[in-house]
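Only a predicted model underlies this, so the values are computations on that prediction, with no experimental measurement involved.
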Amino acid sequence: MLKDIWFMSTGKFGALCLEKLSPHVNFTRIITGLPTRSGRNSKENISEVESAAIKLNLGGRVTRTGRLTENNELKNSVMPDLIFVIDFGQIIKEPFLNAPKFGCMNIHPSLLPEFRGAAPIQRALMSGKNITGVSVFKLVKTMDAGEIYDQAEIKIDPDDSAESLYEKSAALGCEMAVKVLNSLPNIKTSPQNDDKATYADKILKSEHELNFAMTAENFCNHVRALNMSGGAYIILKNNKRLKIWRARIHDDDGEQGKLIKICDNNPVIACSSKSIELVEIQPEGKKKITGQEWLNGARIKTGCII
């Protein structure tokens, strides 16, 4: 078993992996991004990984950093046996990439070489995929292109969202990663086929705005994909935003944007193909409510365009 292992991460997926790996892996150093500031009082917000480390009583091992290339303390440190780099948000360069005895290992929530990049889970959902997966691989200079230690499929259920797939991917990926660690240095790797690579670009703010000219399937897939990154929304006739947190597909057709029926007391709105039941929504400036609560407050009747 390796004695000196670092963990580099900042985001939500990395925090989940830290929680699941820490009972099995003794991380000697946890490296994460600098706190951000928000609000009128410039409140300091530590990274999700630092927050997870504190809950795990590992706060004393945390090192905050800006750009790694500018951090002389880390660059001049004795390199560990291996570095886990998961959801870190920085390109890993030397000396970190190859100086560790076993380099850098990553857990990526896709079946590489499919969906290399920043938003593999979100893009899989937006694409209407029924299957995704998780890959444990060795980091190289090219993004997400290193040789694979292990990978496995994950079924995407109709009710899965980005949040539930993060959980599933972290659980399976960490289980696989522990097995890989226990098999070093004798484990074999498999090269990726670069010709089959696809890319999961970062989600743009503009992609959060939906409309009923979309198909119901596409609309629902976007709602599921964006539930961890601020939520999807529509612009109502009164120019107010209405965030959509949960929605269901119905087979009924009708005029786009029209309230065509009520189901389980929730409004069902027609899309370009089929329709969407608004299950959980959030009116602009208000808290999350059910579709029924919104319908009652908005006083919208069947046949109206919302």
Pair [X] + [Y]: basic N to acidic O under 4.0 Å:
X: Arg246; Y: Asp159; result: no
X: Glu277; Y: Arg248; result: yes
X: Arg29; Y: Asp4; result: no
X: Lys288; Y: Glu280; result: no
X: Glu167; Y: Lys20; result: yes
X: Lys129; Y: Glu114; result: yes
X: Lys101; Y: Asp81; result: no

- Task: Please state whether the rings of Phe212 and Phe219 are parallel, tilted or perpendicular, taking 30° and 60° as the class boundaries.
- Result: parallel
- Task: Indicate the ring-plane relationship of Phe84 and Phe7, choosing parallel, tilted or perpendicular according to the 30° and 60° boundaries.
- Result: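 Phe84 vs Phe7 ring planes: tilted.
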- Examine distances only and state if a side-chain atom of Asn265 and a backbone atom of Gln292 form a donor-acceptor pair shorter than 3.5 Å. no
- Message: I'd like to know if the side chain of Glu70 and the backbone of Arg67 have a donor-acceptor N/O pair within less than 3.5 Å.
- Response: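 Pair absent, no side-chain N/O of Glu70 close to backbone of Arg67.
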Nearest heavy atoms of [X] and [Y], plus distance in Å:
X: Ser275; Y: Val268; value: OG-CG1, 3.5 Å
X: Ala52; Y: Leu18; value: CB-CD2, 4.3 Å
X: Asn193; Y: Pro113; value: O-CG, 3.4 Å
X: Glu153; Y: Leu172; value: O-CD2, 4.0 Å
X: Ile276; Y: Cys220; value: CD1-CB, 4.0 Å
X: Trp6; Y: Thr28; value: CD1-OG1, 3.4 Å

- Test side-chain contact (heavy atoms from CB on, under 4.5 Å) applied to Met105 and Leu181, step by step: CA-CA 10 Å; Met105 187 182 296; Leu181 282 178; 4.2 Å; yes
- Task: Please assess Lys261 against His250 for the test side-chain contact (heavy atoms from CB on, under 4.5 Å), listing each intermediate value before the final yes or no.
- Result: CA-CA 10 Å; Lys261 69 176 184 177; His250 285 250; 3.5 Å; yes
Ignoring hydrogens and angles, state whether a donor on the side chain of [X] or [Y] is under 3.5 Å from an acceptor on the partner side chain.
X: Ser38; Y: Asn45; answer: yes
X: Arg241; Y: Gln282; answer: no
X: Thr32; Y: Ser47; answer: yes
X: Glu94; Y: Asn98; answer: yes

- Message: Is the positively charged end of Arg123 above the ring of Phe115, judged by distance under 6.0 angstrom from the centroid and angle within 45° of the axis?
- Response: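 No cation-pi geometry.
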- Mind running side-chain contact (heavy atoms from CB on, under 4.5 Å) on Val134 and His108 for me, showing each step along the way? CA-CA 6 Å; Val134 63; His108 187 79; over 6 Å; no
- Message: With rounding to the nearest 0.5 angstrom, report the CD to CG distance, Glu163 to Leu16.
- Response: 9.0 Å
- Message: One pair to check against side-chain contact (heavy atoms from CB on, under 4.5 Å): Lys75 and Phe96. What are the steps and the verdict?
- Response: CA-CA 8 Å; Lys75 285 164 63 177; Phe96 307 101; 3.8 Å; yes
- Message: Under the criterion salt bridge (charged side-chain N to carboxylate O under 4.0 Å, His left out), I'd like the reasoning laid out for Lys188 against Asp150: C-alpha separation, chi angles, the key distance, then a yes or no.
- Response: CA-CA 9 Å; Lys188 294 182 180 180; Asp150 196 8; over 6 Å; no
